[in-house]
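Structure, as structure tokens:
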Amino acid sequence: MTRAVSLVVNGRPYTAETEDRTPLCDVLRHRLRLTGTHVGCEQGVCGACTVLVDGEPVRSCLMLAVQADGCRIETVEGLATEGALAPMQQALMAEHGLQCGFCTPGVLMSLAYAERARLTAEETVSEVLAGHLCRCTGYVGIRRAIERHWKTEEAAG
Amino acid sequence: MKSVPFEYRAPATLEETLALLGKPGANVVPLAGGQSLLPLLALRQVRPATVLDLNRVPGLAGVEITDEVVRIGALTRLRALVESAPLRAALPVLPETAAQVANRQIRHRSTLGGSLCHADPTAQLPAVAVALEARLWLRSARAERSVLAQDFFAGARTTARRRNELLVRVEFPRTPGRHCRFEAVTRRGRAGFPLIGLCLAVSLAGSVVTDARLAASGIADRPRRLWEAERALTGRRLDGDLAEVLDAASAEADPSSDLHGSAEYRSHLLRTVIRRAAARLATEGSAP
Ligand SMILES: Cc1cc2nc3c(=O)[nH]c(=O)nc-3n(C[C@H](O)[C@H](O)[C@H](O)COP(=O)(O)OP(=O)(O)OC[C@H]3O[C@@H](n4cnc5c(N)ncnc54)[C@H](O)[C@@H]3O)c2cc1C
Ligand code: FES
Ligand code: FES
């Protein structure tokens with residue numbers, strides 16, 4: 001079975017032809033050519049494919065594209081504005097929160113959710129970062145970046 | 001890593017859902033949170049002709065609390081269990097245990113019904129359902145019936161649910177004065193599938209146990225009550241000598257070895273989680 005799905009990705013409407021069995025990550029990458037969303041394990045373990053669906057962090061390998069029909073999707077491509085990295089992205093860079101960068105798009109989307117949901121830095125590390133595997137950093141740099149960014153945001157009110 | 005081709009259906013009523021599920025000879029699987037089903041599809045361990053999405057069916061989610069029972073719709077997300085204030089007051093062991101499943105992102109989508117129907121022998125919530133004698137309500141196009149949790153789990157990823165039936169809700173009896181605790185040792189970090197999980201529920205007179213329920217995950221191909229350990233614990237102090245209780249539990253458990261841990265290690269962990277659960281209940285307690 002194939003059908004057309006309509007998605008609003010990072011504020012832009014798209015329609016794509018897809019098979020019923022295709023996960024959301026494959027439509028984002030292969031149909032819409034938004035390859036910022038990475039696919040690691042394809043079974044929910046690594047978190048690399050995390051995107052926001054109607055504001056909620058979702059592993060896009062664990063949702064069918066047809067299930068997302070009509071939904072608002074946010075991916076890593078939507079974070080920077082006019083070529084300027086978002087503050088959280090800058091914090092990751094400053095604290096060596098990434099090396100190969102494979103896990104980074106998923107981590108960033110979960111952090112975007114955590115920030116909006118007003119979780120504390122500690123909750124973000126223990127509960128949200130726990131949903132991601134990073135093979136390079138040992139999480140220390142990501143953790144420092146979270147603490148740095150949360151502190152800056154607090155100072156800014 | 002691609003599923004077999006299938007047809008996706010997302011009916012908007014329970015009647016239509018049950019009709020599709022009951023079509024003779026149809027190879028239909030229900031889709032709830034998808035956090036276990038999608039990996040199984042990708043690995044082709046499940047090869048359906050039709051995937052039946054429950055997410056648009058109204059009335060399948062929600063928590064309702066009466067004097068006698070806590071009634072939870074099958075499609076209730078684990079996140080909703082964790083965040084439900086009335087549930088935290090009525091049966092705190094459920095939100096406490098749900099918070100130990102996977103991680104926050106996965107709990108946003110995973111459902112109580114999916115966690116029970118998936119029937120992973122190490123999963124947390126099935127063990128709680130068995131310990132608390134939860135009743136699972138199954139509905140087909142023709143009839144509704146209920147099964148006790150201990151009879152629902154029939155083996156690893158195998159349940160008493162018939163192919164034409166949907167799990168619609170779960171009822172946990174409320175027992176005033178009972179204290180419950182779930183303790184686990186997991187593979188990785190704070191949350192995730194346990195190597196061994198234990199739900200301990202006790203009624204107390206002072207600190208003497210007058211009634212005990214113990215059910216464990218990871219000790220067999222399904223969550224199981226530890227009847228002998230229950231007998232051994234009854235009449236004893238929670239903070240007393242538990243050697244006989246631990247020996248009884250060891251004798252009843254039959255864990256197997258896999259890449260995450262040997263049978264011997266799991267037997268050792270079972271004793272550990274019983275001791276921890278008893279110690280925590282003895283000092284902190286927990287509402288009924
Ligand atoms: C990285 C990771 C870590 C995880 N860690 C844990 C953990 O620590 N503990 C744990 O228990 N689980 C864990 N899970 C599994 C997760 O919680 C599962 O999603 C959950 O067990 C199943 O719930 P679901 O709603 O996603 O069900 P689905 O994946 O949609 O369905 C699971 C099965 O149940 C059937 N089903 C679902 N709902 C119904 C219904 N109402 N009636 C009849 N059949 C139904 C489906 O057909 C399918 O066979 C983890 C998953 C991942 C990816
Ligand atoms: S690719 Fe989706 S969680 Fe790993
Ligand atoms: S930066 Fe390489 S996996 Fe995280």
Side-chain angles (χ1 to χ4, degrees), chain A residues 1-3 5 18-26 30 39-71 106-107 109-114 117 119 122-133 139, chain B residues 1-10 28-56 77-80 82-83 98-111 114 118 120 186-193:
Chain A
M1 277 288 291
T2 71
R3 68 182 86 206
V5 294
T18 177
E19 280 186 271
D20 284 4
R21 65 170 166 170
T22 306
L24 177 60
C25 55
D26 286 2
H30 303 157
V39 174
C41 64
E42 294 182 84
Q43 46 184 294
V45 179
C46 73
C49 65
T50 305
V51 301
L52 303 187
V53 178
D54 290 336
E56 301 271 301
V58 167
R59 282 152 146 70
S60 59
C61 70
L62 296 189
M63 183 185 239
L64 298 171
V66 287
Q67 289 185 282
D69 192 18
C71 291
V107 169
M109 297 323 290
S110 280
L111 295 182
Y113 154 79
L119 302 186
E122 194 183 320
E123 286 168 334
T124 304
V125 170
S126 68
E127 291 185 36
V128 176
L129 188 57
H132 293 270
L133 291 180
Y139 306 96
Chain B
M1 290 298 288
K2 290 287 171 262
S3 166
V4 296
F6 56 74
E7 182 197 18
Y8 168 82
R9 299 291 293 269
V28 182
V29 295
L31 166 63
Q35 306 298 288
S36 294
L37 182 59
L38 263 79
L40 292 176
L41 288 171
L43 295 164
R44 298 202 175 191
Q45 287 183 20
V46 176
R47 298 159 165 263
T50 303
V51 167
L52 184 60
D53 192 347
L54 309 178
N55 288 281
R56 292 190 196 170
R77 311 279 163 188
L78 300 190
R79 172 207 192 164
V82 175
E83 291 176 358
Q100 297 179 36
V101 173
N103 51 61
R104 203 166 172 119
Q105 293 90 325
I106 287 181
R107 290 195 297 270
H108 277 185
R109 295 202 61 74
S110 297
T111 65
H118 184 56
D120 186 298
T186 62
R187 292 180 210 160
R188 170 178 177 257
R190 236 162 34 98
F193 278 109

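Chain naming here is simple, since letters A, B, ... match the order of the sequence lines and numbering starts at 1 in each.
- Defined by atom type and a distance below 3.5 Å, a donor-acceptor pair is missing between the side-chain atoms of B/N103 and A/E127.
- For chain B, no part of A/L52 is nearby; none of its heavy atoms comes within less than 4.5 Å.
- Among B/R79, B/R109, B/R107, the one residue that satisfies the salt bridge (charged side-chain N to carboxylate O under 4.0 Å, His left out) test with A/E56 is B/R79.
- For B/A10, no part lies under 4.5 angstrom from a heavy atom of chain A.
- Looking at heavy atoms from C-beta onward, B/F6 lies out of side-chain contact with A/M1 at the 4.5 angstrom threshold.
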Item to complete: Could you go through the side chain to side chain contact (heavy atoms under 4.5 Å, CB included) check for A/R59 and B/I106 one step at a time?
Response: CA-CA 8 Å; A/R59 282 152 146 70; B/I106 287 181; 3.7 Å; yes
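- At least one side-chain heavy atom of B/H108 sits less than 4.5 Å from a side-chain heavy atom of A/Y113.
- Residues A/L62 and B/P39 meet the side-chain proximity criterion, which asks for heavy atoms closer than 4.5 Å.
- One finds the CD atom of A/E42 at 11.5 Å from the OG atom of B/S3 (value rounded to the nearest 0.5 Å).
- No part of B/L41 comes within reach of chain A, as not one of its non-hydrogen atoms sits under 4.5 angstrom from that chain.
- Of the listed residues B/L37, B/L40, B/L31, the one with more heavy-atom pairs under 4.5 angstrom with chain A than any other is B/L31.
- Side-chain contact between B/D53 and A/L64 is absent, with no heavy atoms from C-beta onward closer than 4.5 Å.
- Between the side chains of B/Q105 and A/S110, a donor-acceptor pair is found at a separation under 3.5 Å.
- Interface check for chain B: of the options A/Q67, A/R3, A/Q43, the most heavy-atom pairs under 4.5 Å are formed by A/Q67.
- Every residue two or more places apart in sequence or in another chain was checked for a side-chain hydrogen bond (donor to acceptor under 3.5 Å, both in side chains) with A/E122, and none qualifies.
- With a threshold of 4.5 angstrom between heavy atoms, B/R104 approaches chain A through its backbone and through its side chain.
- Interface check for chain B: of the options A/T22, A/T50, A/D26, A/V45, the most heavy-atom pairs under 4.5 Å are formed by A/D26.
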